[in-house]
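Here is how names work: the chains are called A, B, and so on, in the same order as the sequence lines, proteins then strands, and each is numbered from 1. Hydrogens, waters and symmetry mates are skipped; everything else that's a heavy atom, side chains included, is used.
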Amino acid sequence: MPLILTEEQEMLKESARGFLDEKAPVSALRKLRDERSEDGFSRALWKEMAAMGWSGILVEEAHGGSDFGFVGAGVLAEEMGRTLTASPFLSTSILAATALNKFAGDAAKQEYLPKIAAADIVMALAVDEGRKHGPANTAMKAEKSGNGYKLSGSKTFVADGHVADRIIVAARTAGAPGEEPGISLFLVDAKAKGVSRERTFMVDSRNAARVDFDNVSVTGDDAIGEIDDGHSALEGILAAGRAGLAAELSGAAQRSFEMTADYLKERKQFGKVIGSFQALQHRAAHLYTELELVKSVTLKALQDLDGAFGMASVTASLAKAKAGEVAKLASQEAVQMHGGIGMTDEYDIGLFMKRIRVAQEMFGDSAYHADRIARMRGY
Amino acid sequence: MSDIEAFRNDVRDWLDANCPKEMRDGAGGEENICWGGRNWKFRSDAQKLWLERMAQKGWTVPAWPKEYGGGGLEKEEVKVLKAEMRKMKMRSPLESFGIWMLGPALLKYGTHEQKAKFLPPIARGEIRWCQGYSEPNAGSDLASLQCKCEDKGDHWLVNGQKIWTSYADESDWIFALVRTDPKAAKHDGISFILIDMATKGVSTKPIKLISGKSPFCETFFDDVVVPKEHGGGVNAIVGTINRGWDVAKYLLTHEREMIGAGGGGLLGGRGIGEVAANYVGVDERGRLCDPMLRAKVAQAEVDGWAFLLTMERLKDEAKAGQGMGAKSSMLKYYGTEFNKRRFELFMDASGADGLEWEGARSEDGKLAKGWLRTKANSIEGGTSEVQLNIISKRILELPDA
């Protein structure tokens with residue numbers, strides 16, 4: 001398959017840009033932040049995204065979705081990255097939809113996919129328990145209890161965790177932390193007895209939570225993927241999330257680079273626009289090149305998810321590794337090249353730096369994924 | 001069966017029937033390349049036979065028009081041919097600057113007479129060309145070149161010097177940039193001229209590099225008389241007089257794409273991680289013994305892979321009609337810088353053994369010489385700094401200082 005967008009995908013991109021520029025520009029995030037919004041996102045916007053077919057971008061038409069595939073989802077994530085749009089798109093439309101589509105039983109699909117497509121639900125994925133990403137380090141317990149399990153443990157950095165109606169949780173039914181086998185995934189009602197949530201205000205003003213589970217009951221029917229072998233399902237879901245985040249990072253990095261390039265053409269010092277200085281030109285040209293590489297790896301990962309889902313984990317890691325690293329560089333160069341104004345809260349560039357910092361950390365930073373690729377390659 | 005699949009079957013059958021088995025060892029490397037030319041000594045009968053058969057078929061230059069010795073194939077068909085040759089590990093029958101550089105320039109800027117005279121001998125490997133661009137005082141600032149070409153009525157008189165002329169000492173003809181109008185602005189007084197290296201007054205001198213023996217030469221023109229026409233109606237100058245810079249720019253873009261692609265093409269071999277694991281070993285968890293090196297290697301493999309995908313994407317974009325334009329500068333910049341980084345890592349991993357310069361153990365310092373040679377990657381064909389300038393100006397549209 002050629003490594004370019006199809007005509008349909010290009011059209012989606014164009015309409016997404018128009019919609020987001022109008023309905024969810026960077027100022028919308030600023031407003032949510034300054035108002036300390038309870039939800040951390042606009043429910044009205046989330047509903048509009050459903051009307052556009054976005055919330056159900058990975059949901060098949062029979063369930064009310066638009067079924068545009070992962071490249072389509074990535075196109076939207078990239079555009080949302082450009083406007084720093086806060087929405088449950090990643091947690092619900094990418095992560096939860098992928099979990100349900102690929103690893104859930106028919107009953108769960110019937111129940112939840114139409115709700116995702118209609119934006120009637122927010123769902124979250126709870127994986128990490130420590131400071132750094134590591135699905136195999138899952139320690140949270142799922143102990144057999146009658147026909148079901150009792151979940152106990154703590155999760156952190158759960159995107160949209162405090163507003164989610166349902167949470168997909170990775171817990172250990174066997175084995176020990178550090179081992180891949182023995183992990184199982186459960187779909188948990190966020191209001192179930194024993195679930196307590198703390199909203200964590202993060203640097204990017206977006207939603208996250210710490211979630212504690214104290215003897216929370218689930219049944220075998222709540223399992224997603226195989227009991228004891230949830231790790232392979234989890235890697236599939238994470239691959240989708242990582243590629244989605246890579247796309248978002250790509251969009252955020254491209255936008256901050258554009259703002260920077262524009263600024264270089266207008267800011268004057270020493271009687272000249274600073275963009276005429278070679279010291280800055282070469283850094284900008286280098287960054288441009290790195291951003292082109294990010295576009296390639298991101299599209300590749302998304303195409304792989306559509307074409308060969310089971311094989312996409314490695315290119316998703318490639319995309320997350322490259323996008324995370326380059327987006328950080330882009331945001332750092334952006335602030336430096338903007339000079340003093342780049343440090344002000346009033347100016348948007350700082351918001352990009354903040355979001356990029358968070359998105360590059362989520363589901364594994366660049367070092368995590370470079371290490372993962374190295375292990376896959378046998379060194 | 002689609003037309004292209006039918007074509008693939010025919011290609012496969014023909015190649016299998018015609019490629020001598022000695023030419024199916026997948027051997028690359030300088031010593032195995034067939035460059036052709038008046039003085040070419042074939043390394044084997046098989047090499048000669050393979051060239052003759054492929055040239056007969058027009059497949060030494062499969063995309064060129066049939067009337068000029070090519071195969072007249074469509075892009076898709078060329079891809080199929082190359083893929084089938086790779087699958088059967090066939091060597092390339094012929095490589096040359098005529099194929100890579102002059103041919104494309106003539107096809108775009110040449111007259112029918114020029115194409116008819118010069119292209120078929122390139123396709124058959126009979127005439128070997130070299131490229132005369134750089135001068136001692138015109139490197140990155142190529143357009144400041146001074147090699148003088150005076151109009152003497154019935155002929156041109158050329159005086160000056162070229163440098164970094166690859167294989168000048170083994171080539172039959174040279175295509176060169178010369179100054180035909182010293183009074184014009186520097187880009188406007190340059191012409192693209194074709195000169196027979198056997199002409200009186202042309203001499204060459206090889207240049208030894210930090211990596212040892214090299215194909216590079218200095219080329220001197222001392223009162224060289226170049227006829228205005230190389231035979232009836234075949235102009236010695238390609239394109240318009242004093243507009244040689246257009247041709248040069250076109251070829252430089254072409255060259256950048258090739259060098260950029262070459263940097264990545266080397267990735268086809270063993271991965272950096274695999275090589276490093278082989279040299280320094282892995283621990284009980286299967287990780288490279290040197291953790292700092294491992295981190296650098298892993299990062300480099302991510303970047304190398306991202307670069308390969310970017311070449312693929314830009315090619316796909318170009319095919320879809322979006323063109324590559326100045327983006328070739330990006331490939332040239334990143335590809336060559338990456339290749340240098342790759343060889344630095346090979347050297348780091350190989351330690352003291354990689355520093356041996358002579359003897360069978362090191363294949364006469366193969367790695368060390370390769371490492372040193374990569375240092376030229378980001379200089380030749382326009383330095384990295386020049387590429388960054390091009391990106392700044394032509395893509396980012398940043399203003400001049």
Exercise. CD of A:Glu179 to CG of A:Asn137: how many Å apart, nearest 0.5 Å?
Worked result: 11.0 Å
For this session: Verify the neighbour count for atom NZ of B:Lys87: are there more than 12 heavy atoms of other residues, nucleotides or ligands below 6.0 Å?
Result: yes
Exercise. Side chain, backbone, both or neither: which part of A:Val273 has a heavy atom under 4.5 Å from chain B?
Worked result: side chain
Seminar exercise, completed: chain A shares the most heavy-atom pairs under 4.5 Å, among B:Glu312, B:Gln299, B:Glu385, B:Arg294, with B:Arg294
For this session: Select one option (side chain, backbone, both, neither) describing which atoms of B:Ala277 are under 4.5 Å from chain A's heavy atoms.
Result: side chain
For this session: State, without any angle test, whether A:Thr298 and A:Glu78 hold a side-chain donor-acceptor pair at a distance under 3.5 Å.
Result: no
Problem set entry | Inter-chain contacts: residues 258-266 of chain A against chain B, heavy atoms under 4.5 Å | A:Ala261, A:Leu264, A:Lys265
For this session: For residues A:Ala240 and A:Phe70, report the shortest heavy-atom separation together with the two atoms involved.
Result: CB-CE2, 3.6 Å
Problem set entry | Residue-level contacts of residues 387-397 of chain B with chain A, using a heavy-atom cutoff under 4.5 Å | B:Leu388, B:Asn389, B:Ile391, B:Ser392, B:Lys393, B:Ile395, B:Leu396, B:Glu397
Problem set entry | salt_bridge(B:Glu344, B:Lys340) N-O dist < 4.0 Å | no
For this session: Tell me yes or no: between the side chains of A:Ser250 and A:Gln254, is some donor less than 3.5 Å from an acceptor?
Result: yes
Exercise. Can you tell me if CD on A:Glu10 sees more than 12 non-hydrogen neighbours from other groups inside 6.0 Å?
Worked result: yes
Exercise. Hey, are the side chains of A:Glu14 and A:Met11 touching, using non-hydrogen atoms and a 4.5 Å cut-off?
Worked result: no
Problem set entry | Taking every non-hydrogen atom, the tightest pair across A:Ala359 and A:Leu249 | CB-CD2, 3.6 Å
Exercise. Contact part of A:His286 toward chain B, heavy-atom cut-off under 4.5 Å: side chain, backbone, both or neither?
Worked result: both
Exercise. Of the listed residues (A:Thr315, A:Leu318, A:Val297), which shares the most heavy-atom pairs with chain B below a 4.5 Å separation?
Worked result: A:Leu318
Exercise. Can A:Ser366 and A:Glu325 be counted as having a side-chain donor-acceptor contact under 3.5 angstrom?
Worked result: yes
Exercise. Is any NZ, NE, NH1 or NH2 atom of the basic residue among A:Arg377 and B:Glu274 found under 4.0 Å from an Asp or Glu carboxylate oxygen of the other?
Worked result: no
For this session: Would you sort out whether A:Lys300 and A:Asp304 count as a salt bridge (Lys or Arg N to Asp or Glu O under 4.0 Å), showing the intermediate values?
Result: CA-CA 6 Å; A:Lys300 176 68 177 171; A:Asp304 281 359; 3.7 Å; yes
Seminar exercise, completed: Among A:Leu280, A:Val294, A:Asp371, the residue with the most heavy-atom pairs under 4.5 Å to chain B is A:Asp371
